[in-house]
Each structure stands twice: as structure tokens, then as C-alpha cells.
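Just below is one structure, and these are the notes that go with it.
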Amino acid sequence: MLSHVYIKDLSKHVGESVTLKGWLFNKRSSGKVKFLILRDGTGYLQCIVFKGNVSEEVFALADSVSQEASFEITGKVKEEPRAVGGFELDATDLKLIGDSVEYPITPKEHGIEFLIDNRHLWIRSKKQVAILKIRHRIVKAIRDFYDERGFTLFDPPIITPNAAEGTSTLFEMDYFDLGKAYLTQSGQLYAEAGAMALGKVYTFGPTFRAEKSKTRRHLTEFWMVEPEMAFYDLDDDMDLAEEFIEYIVQTVVKDCRPELEVLERDISKLEKIVRPFPRISYTEAVEVLKSKGREFTWGDDFGAPDETVISEDYDKPVMIHRYPSAVKAFYMKRDPENPEVALAVDVIAPEGYGEIIGGSQREDNLDFLLERIKEHNLPQKYFEWYLDLRRFGSVPHAGFGLGLERTVTWICGIDHLRETIPFPRMIYRNTP
RNA sequence: UCCGCGAUAGCUCAAUGGUAGAGCAUUCGGCUGUUAACCGAAGGGUUGUAGGUUCGAGUCCUACUCGCGGAGCCA
């Protein structure tokens with residue numbers, strides 16, 4: 001039995017004397033009474049130290065204990081509507097565990113550069129704790145969603161010999177006598193092999209892009225979940241993506257209300273994220289852009305501002321499908337009814353949060369796939385194993401990738417991706 | 001890579017070309033119910049770096065460094 005209790009469990013201990021352990025979040029005092037706000041990772045608790053109730057040493061310690069010092073405190077739990085969290089501790093004893101001298105992050109405002117430099121401490125603050133808890137809940141929701149639907153987790157390699165799509169810039173490394181190797185930018189090709197073995201699989205892990213992107217929507221290292229399903233076509237793929245997003249958002253709404261409130265998220269906007277989502281073709285989206293007076297040529301890919309304009313008509317994610325095949329990856333299947341377009345889909349989150357999903361039905365015909373590889377000037381020898389998937393029992397199949405950090409950013413309603421991962425990796429920053 | 005913005009106390013920011021200031025943090029004092037508590041006092045600065053204009057530069061000019069967010073690319 002643990003010798004101390006956690007703040008989240010205090011409701012079971014009202015009237016009892018208990019010991020808690022944690023860090024000093026903030027302190028206020030009024031002469032002979034000290035208010036110590038304890039945080040322990042499960043919540044916040046106001047502890048009262050009255051001069052008359054404790055020894056002189058304890059009162060002196062309550063006076064001198066500084067922000068983020070760790071301590072152990074004992075006292076009686078009582079319900080107190082005036083206090084954060086609804087409970088309060090009437091302290092009888094206090095022990096310092098670890099001192100904290102001039103903690104750099106004060107209760108006032110700070111600039112982003114300073115906060116990122118102190119990311120290892122910044123994650124102790126209220127909003128960051130809320131974001132990281134929501135991220136955790138989303139990760140669990142993702143795994144639950146696929147596990148409950150007969151998918152098998154399938155871990156692809158992180159070190160790969162080639163560029164999966166031949167487009168992005170990758171992180172390069174020397175791989176012993178085998179020459180250059182690269183950090184993965186997607187587990188998808190491997191997931192396709194998994195789908196042929198296990199039917200329905202998903203990959204979930206870190207992904208790396210060496211693009212020199214400097215925006216609030218990009219990290220060089222981020223997490224992506226990629227389901228891949230045998231015998232699914234594009235419509236099945238979109239059905240799954242829609243159900244998936246609804247499940248994640250509604251799980252967070254149900255289980256993370258306190259965290260969403262800390263973040264001042266407009267929860268009513270999340271409650272609207274229920275099926276069905278609007279589905280429009282690329283060609284229809286181009287018409288929308290033109291009707292709003294934007295210059296756009298059929299055949300170009302959408303930029304982030306275009307996506308925002310298209311999505312602003314909806315309060316749900318919008319699914320844009322059938323993009324010009326020229327702007328999409330080599331493995332995407334062309335629409336048999338119109339070879340100019342690929343059976344691809346992007347899902348654009350509402351409120352201007354941009355693309356959170358990119359997916360497609362895959363090319364399952366060996367000859368067409370060989371043509372695409374030639375057109376994209378990709379080295380066929382690296383794809384022989386991938387082509388084997390079409391040589392030995394090829395089936396229609398589809399999948400998509402969902403960016404974890406973009407999803408967390410949207411659901412939390414925050415304005416930058418870097419706050420959604422404990423230690424963000426960006427083009428000009430790889431510390432702490 | 002391109003475009004724009006910025007760098008002054010530990011932090012967030014002020015300061016017509018004329019003695020560098022405030023709030024928070026820190027230290028000291030006051031207050032028995034505080035909610036980013038409050039009140040009083042103190043310490044704290046080579047104004048990113050290098051050069052230039054000027055009687056005088058935080059302020060104007062040039063170069064550089066670093067940071068920020070936007071484009072492109074994408075999750």
C-alpha cells in the first residue's frame with residue numbers, strides 16, 4: 001500500500017488525515033495563513049497552513065518553500081468550494097523533499113522562444129499538462145478503435161533504404177557497408193504487405209521529414225497512424241476515416257472535459273463532429289475556390305490557404321477526393337472512370353486546422369504500378385518486394401495516414417503543433 | 001530557398017537622437033481566506049555582435065548572428 005494518496009482520489013478521503021507528495025505550483029499568503037497549491041500530476045490542491053495549527057518550523061518552511069519545490073504534506077481533507085478542484089487540505093505537517101531556487105517560469109506571461117528553451121520545465125504548467133493528457137487519451141482511442149475492429153498492430157521499419165513516395169526530403173544516414181539509408185517518412189508500403197498477410201493492419205509510430213518547413217503545422221519528427229485494409233475501395237476507406245475521426249473526437253469530449261476546459265476549448269464545436277462528413281471531389285472543390293474569387297488552375301495541388309477556404313463552409317471535417325493523379329503519389333490507383341484523377345482522399349479539419357488525413361485506394365495492377373514507378377523515375381529494384389504484393393494474390397486495398405499532432409492541435413484548439421508533443425523537433429531546434 | 005517581423009534587467013515589455021524605466025521573479029518587512037492575492041522597500045543593465053553617422057545612439061545607417069511565422073512541401 002502506497003504511503004501517500006493522489007489528488008484525483010481525494011473525494012474518497014474527506015474527513016481523513018492523509019499525506020500527499022508533489023510540487024509547489026503556486027503560493028499565496030496572508031500573514032499567519034499560507035496557501036500552498038500542490039500539483040502531483042493528477043490534479044491541483046490548495047493546502048492551508050495556519051500558524052496556530054503547525055509547529056514553528058513547519059510554518060517557517062511553508063513561508064520559504066518556493067515555486068516547483070517538491071514536498072510532502074500531511075493534513076485533513078475537507079470539501080471547499082472556494083478552492084481549485086473543490087477540496088482543500090488543512091495541513092498539520094510539511095516536509096521539503098527537493099528545493100527549487102529561482103524557477104525560471106513565473107506565473108506571468110512568457111515568450112515562445114523562452115518557453116521552448118525551457119520545454120523540460122514548461123510541460124509542468126497547467127495547459128501543457130492538459131494537452132499531454134489529451135494526447136495520451138487520443139493515442140489510446142486510436143489503438144482502441146482499431147483493436148476493437150479486428151485490426152492488427154503492424155510495426156514497420158524506421159530505417160529504410162529508399163524514399164517511399166520519392167517526393168519528400170528524408171533524413172539520411174550511413175548504414176554500414178550498405179551505403180545510404182533513410183529515416184522513414186511513412187510506414188505505408190510496409191503496411192500494404194501487412195494487409196496482405198493479416199487482412200486489416202495499422203501502423204503507429206514516429207515519422208520523419210527533412211523538409212525545411214517553418215510553419216505551425218510542421219515538425220521534422222511526428223507521429224502518424226496508418227491503417228491499411230485488404231478488399232477496401234476508396235468509399236470504404238472514407239467510411240473508415242469518418243468513423244475514426246468521430247470516435248477520437250467524441251472520446252475526448254467524453255473523457256477529457258476538465259482538460260478541454262483548462263484549454264478554454266469551445267466544446268460545442270467538437271460535439272458537432274459526427275458522421276456523415278461532407279465529401280466533395282477535387283473538381284468540385286476547385287469550383288468552390290473559383291466561386292469565392294480565388295485564382296486556381298485545375299491540376300494544381302491545393303495550398304494551405306486554399307484548404308482553409310474550402311473548409312470554412314463546414315463545421316465538420318471535409319473529405320476531398322479524386323485529385324489529379326499528377327500531383328499524387330505513384331502508388332495511388334487511378335479512377336477507372338477518369339484516369340486523370342487518382343482515388344485519393346484528403347481530410348481537412350474545420351476551423352482552419354488544415355489537412356489531418358491523406359489516403360487512397362492503392363494501385364493493385366502490376367503493369368500500371370510498373371508504369372507509375374517509371375514515370376516517377378523511382379529505382380525499381382527497391383520496389384521489387386512491393387511489386388511482389390501485386391504478383392502474388394493482388395487485391396483491391398486502401399488506407400490512409402492520420403497525423404497525430406495535427407489531430408491533437410485541432411481537438412485542443414491550440415495554435416501551434418509544437419505544444420502537442422513532449423519535445424518537438426523542428427528545423428531550427430532539436431533541444432532540449 | 002524566398003518573403004515579412006523581431007532582439008533592452010532572470011521573464012514580459014516601455015523609453016521625440018539628450019540622466020535606461022515598469023510589472024512579474026528574487027531578498028526584506030506587513031496582513032488569519034488568498035484565487036496570476038495585495039501593500040511597502042531593496043538588489044538587479046557592456047540595450048544580440050561588429051562597424052559607421054553625430055557634440056551625443058537603445059533610438060539613424062551597413063553587415064552579420066540568432067529567433068519568430070508565412071510560402072513551397074506535406075501528416
Side-chain angles (χ1 to χ4, degrees), chain A residues 25-37 44 46-53 59 63-64 66-68 80-85 88 90 100-118 121-122 125-126 164-170 184-188 203-226 241 300-308 327-329 346-349 353-359 400-410 415-418 420-421 426-429:
Chain A
F25 186 73
N26 199 1
K27 180 176 70 172
R28 292 179 284 271
S29 78
S30 178
K32 300 193 173 58
V33 58
K34 308 288 175 192
F35 301 87
L36 308 182
I37 310 299
Y44 302 84
Q46 174 160 284
C47 305
I48 310 300
V49 185
F50 277 109
K51 189 168 183 137
N53 292 0
F59 192 76
D63 188 52
S64 67
S66 55
Q67 191 186 359
E68 287 302 322
E80 174 52 74
R82 283 176 294 184
V84 189
E88 195 173 77
D90 201 354
S100 170
V101 179
E102 298 204 27
Y103 186 71
I105 302 179
T106 65
K108 288 281 181 178
E109 287 171 22
H110 298 280
I112 190 60
E113 182 184 355
F114 178 78
L115 289 170
I116 285 273
D117 282 341
N118 289 284
L121 302 175
W122 187 23
S125 66
K126 230 172 196 169
E165 303 180 16
T167 50
S168 294
T169 313
L170 304 189
T184 181
Q185 60 150 342
S186 165
Q188 184 216 307
T203 74
F204 195 7
T207 311
F208 307 87
R209 303 273 168 93
E211 299 289 346
K212 292 194 169 180
S213 300
K214 268 187 65 130
T215 81
R216 65 184 69 195
R217 294 185 310 281
H218 291 87
L219 296 171
T220 56
E221 176 183 327
F222 64 97
W223 282 61
M224 187 155 68
V225 53
E226 297 176 281
D300 291 345
D301 205 355
F302 297 129
D306 300 315
E307 289 177 347
T308 301
V327 302
K328 286 293 182 184
D346 281 358
V347 181
I348 314 298
Y353 281 95
E355 183 180 348
I356 53 171
I357 278 181
F400 59 82
L402 173 126
L404 176 64
E405 287 77 15
R406 286 187 181 177
T407 303
V408 177
T409 306
W410 164 47
D415 67 1
H416 204 300
L417 208 63
R418 65 190 153 207
T420 64
I421 187 167
M426 295 168 294
I427 167 166
Y428 291 126
R429 178 182 293 277

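Here is the naming used below: chain letters follow the sequence lines, and residue numbers restart at 1 for every chain. Since the model is a prediction, treat every value here as computed from it, not as a measurement. Any value given below was found using the heavy atoms of this structure, including those in side chains, with hydrogens, waters and symmetry copies removed.
Rounded to whole Å, the separation between the P atoms of B:U59 and B:A14 comes to 16 Å. Across the P atoms, B:C38 and B:G23 are found 12 Å apart, a figure rounded to whole Å. When the P atom is used for both B:A22 and B:G43, the distance is 11 Å, rounded to whole Å. The P atoms of B:G48 and B:G6 are separated by 14 Å, rounded to the nearest whole Å. Nucleotides B:U53 and B:G58 are separated by 16 Å at their P atoms, to the nearest Å. Nucleotides B:A36 and B:C74 have their C1' atoms positioned 39 Å apart, rounded to a whole Å. Taking atom P on both B:C24 and B:U19, the two are 26 Å apart, rounded to the nearest angstrom. The separation of B:A41 from B:G51, taken at their P atoms, amounts to 42 Å, rounded to a whole angstrom.
Shown here are the side chain to side chain contact (heavy atoms under 4.5 Å, CB included) partners of A:L115, two or more places apart in sequence or in another chain: A:I105, A:H110, A:W122.
Residues A:I37 and A:M224 each lie close to RNA chain B; by heavy-atom proximity, the contact nearer the 5' end of the strand is made by A:I37. Looking at which nucleotide of RNA chain B each of A:Y103 and A:R429 is closest to, the 5′-most match is held by A:Y103.
The distance from atom CG of A:L36 to atom P of B:G33 is 16 Å, rounded to the nearest whole Å. Protein atom CD1 of A:I427 is 16 Å distant from nucleotide atom P of B:C73, rounded to whole Å. Protein atom CE of A:M426 is 11 Å distant from nucleotide atom C1' of B:G67, rounded to whole Å. Between the CG atom of A:D346 and the P atom of B:C74 there is a distance of 9 Å, rounded to whole Å. Atom CZ of A:F302 is separated from atom C1' of B:G72 by 16 Å (rounded to the nearest Å). Regarding A:K27, its NZ atom lies at a distance of 12 Å from the C1' atom of B:A25, rounded to whole Å.
Here the closest heavy-atom approach between residue A:P206 and residue A:T184 is recorded as O-CG2, 4.0 Å.
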N/O contacts under 3.5 Å, protein versus nucleotides 8-13 of chain B?
| from | atom 1 | to | atom 2 | distance (Å) |
| --- | --- | --- | --- | --- |
| B:C11 | O2' | A:H110 | ND1 | 2.4 |
| B:U12 | OP1 | A:G111 | N | 3.1 |
| B:U12 | O4' | A:E109 | O | 3.3 |

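As judged by a 4.0 angstrom heavy-atom cut-off over every strand, A:H416 is placed among residues touching the sugar-phosphate backbone only. Here A:E88 lies in heavy-atom contact (under 4.0 Å) with a base. Within the 4.0 angstrom heavy-atom criterion, no nucleotide atom of any strand lies near A:G354. Heavy atoms of A:I357 sit under 4.0 angstrom from primed sugar atoms or phosphate atoms, though from no base atom. A:I356 comes within 4.0 angstrom of the backbone, heavy atoms only, and of no base.
Ion pairing between A:D63 and A:K27 fails under the 4.0 Å rule for side-chain N and carboxylate O.
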### Message
Expected output check: what is the dot-bracket annotation of RNA chain B, where ( ) and [ ] are pairs inside the strand (brackets for crossing ones), | is paired with another strand, and pairs are Watson-Crick or G-U under 3.5 Å?
### Response
(((((((..((((....[..)))).(((((.......))))).....(((((..]....))))))))))))....
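For B:U1, the OP1/OP2 oxygens have a side-chain nitrogen or oxygen of A:K212 closer than 4.0 Å. Side-chain nitrogen and oxygen atoms of A:R216 include at least one within less than 4.0 Å of the OP1 or OP2 phosphate oxygen of B:G70.
Counting distance only, with no hydrogens placed and no angle test, the side-chain atoms of A:R406 and the base atoms of B:C74 include a donor-acceptor pair under 3.5 Å. Between the side chain of A:S213 and the base of B:C74 there is no donor-acceptor pair of N/O atoms closer than 3.5 Å.
At a cut-off of 3.5 Å, with distance as the only test, no side-chain donor of A:Q188 or A:E226 sits close to an acceptor on the other residue.
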